[in-house]
Amino acid sequence: MSRRNFLVIFAVAMVSFACYQVTDHNPYGRYLSDIINKIDRMYYKPVPREKLFDSAVTGMLQELDEHSEFFGPEEARGFLSLIDQRYGGVGIVVDPSSKPLTVMSTMVGSPAYKADILTGDQLLKIDGKSIAGLNSERVTDKIRGPIGTTVRLTLQRASKPAPFDIALERAEIKVDSVLGDTRNADDSWNFHLEGHPEIGYIRIRTFGDHTVEELKAALATLDPVKLKGLIVDLRFNGGGRLDAAVDVCGEFIPSGKTVVTTRGRDGRIQTDDRSTGPGTYTGFPMVVLVNSMSASASEIVAACLQDYHRAAIAGQRSYGKGTVQKVLPVEGNQGVLKLTTATYWRPSNKNIHRDKDAKETDEWGVMPDEGLAVPLSKEQTATMITKRTERDVVHRAQPHAAGAYVDPQLQRAIEYLEKHETVAAKD
């Protein structure tokens, strides 16, 4: 036997032995496959094998924690588009509770915005097919598509006697993650607080690929001479990219400071993420707003700025989602697995994560500073969301009239800034 043939046979034997060892020590994959095959062959009615697989994976993840999830191929595309803040569409925001579906707003610079689709327009058909009976998610899926392709919308406008069609070319839609308080005449964001031009106001609703560059652009619009304080609103921010959170902190604290550490199942520190940004914005007082829906990356930012005494925290105790998820592709492009692999810890080495059996008296999340806690009822929170949404949308059909609503948590932050002098970050 030639040396070459011997080496080939030896390599095949080693691979076969390795596969045998994996199967021998992890037989559950074989058991699961056997069960799926039996259901596929013998169940009294057909069940797609893909559905059986998805259900099996979902069942496994239910034994872990609430943040570990499986996304099938279709769901995975939507999930990943939220992370990278971009998708192919026309830039329409509809009211999901309206019938027929009604346009709430268009995204500035989008095809729908340029085509003068207006607030209040009713959406009747997509590419000539009625959307009656479809929910907003299904309608959104039908509007989205490959960039450069065309979609035809049939709309009804109150000022027109009959429905009309608009053909729009799908484009890459950039979803802003950094928002202001009101809109300028050109529909761009104004990052000065209405009624308090000396106070900056920046909302970060998610931490994505473009959050840091958006934040820098927003900060650049603020006059450092006239600026007496800044409010960073992280309420309802469910998190996002860790590196974005670290870089956001880097704008407000000196370089080289620990922003967050992660620890694995053995309790040992796995990573120590430190600020690398310029730390440019340190010469004015800050307040960070959080509530019970502020989670993950937003808690990392709030905790970091609180621990270094760079910002006061106002609002309500945060959610307590201090776990690290990795997004792992599933073999054969069958979806993605979002799996919890570690926990986050504050610069002060305090815990962020709230376990299932955690008590209110336990250490978790981010608490407002003394005197800055402003609890809201469910009804008050719902009102705040409604009023905020009304201010956010682009009202191109008619000017938006400013209401008399006062956000109690925002008001407390304003009062704090009006009483405090310049605060610099501390070691």
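All values derive from a computational prediction rather than experimental measurement.
Residues forming a side chain to side chain donor-acceptor pair (under 3.5 Å) with N349 (at least two apart in sequence, or on another chain): R263. Every residue was checked against the side chain to side chain contact (heavy atoms under 4.5 Å, CB included) condition with E169, not counting sequence neighbours, and none meets it.
Under 3.5 Å, the side chains of Y113 and D187 contain a donor-acceptor pair of N or O atoms. Under the 3.5 Å distance criterion, with hydrogens and angles disregarded, no donor-acceptor pair is assigned to the side chains of Q156 and D121. A donor-acceptor pair shorter than 3.5 Å can be found between the side chains of R170 and T149. Q122 and R157 are not linked by any side-chain donor-acceptor pair at a separation below 3.5 angstrom, with hydrogens and angles left out of the test. In this structure, a donor-acceptor pair under 3.5 Å is present between the side chains of T271 and T262. No side-chain donor-acceptor contact under 3.5 Å links S294 and N237. Using a 3.5 Å distance cut-off with no hydrogens or angles, the side chains of D272 and T258 do pair a donor with an acceptor.
For R412 (side chain) and G371 (main-chain N/O), a donor-acceptor pair under 3.5 Å exists by modelled atom type. Judged by distance alone, the side chain of T211 and the main-chain N or O of T206 form a donor-acceptor pair under 3.5 Å.
Look at D40 and R49 and you find a salt bridge, because one of the NZ, NE, NH1 or NH2 atoms lies within 4.0 Å of a carboxylate O, short of that distance.
No side-chain heavy atom of W345 sits under 4.5 Å from any side-chain heavy atom of I352. You'll find the side chain of E418 stays beyond 4.5 Å of the side chain of K228, heavy atoms only.
Summarising the geometry, atom CZ belonging to R310 is positioned 11.5 Å from atom SG belonging to C249; distances are rounded to the nearest 0.5 Å.
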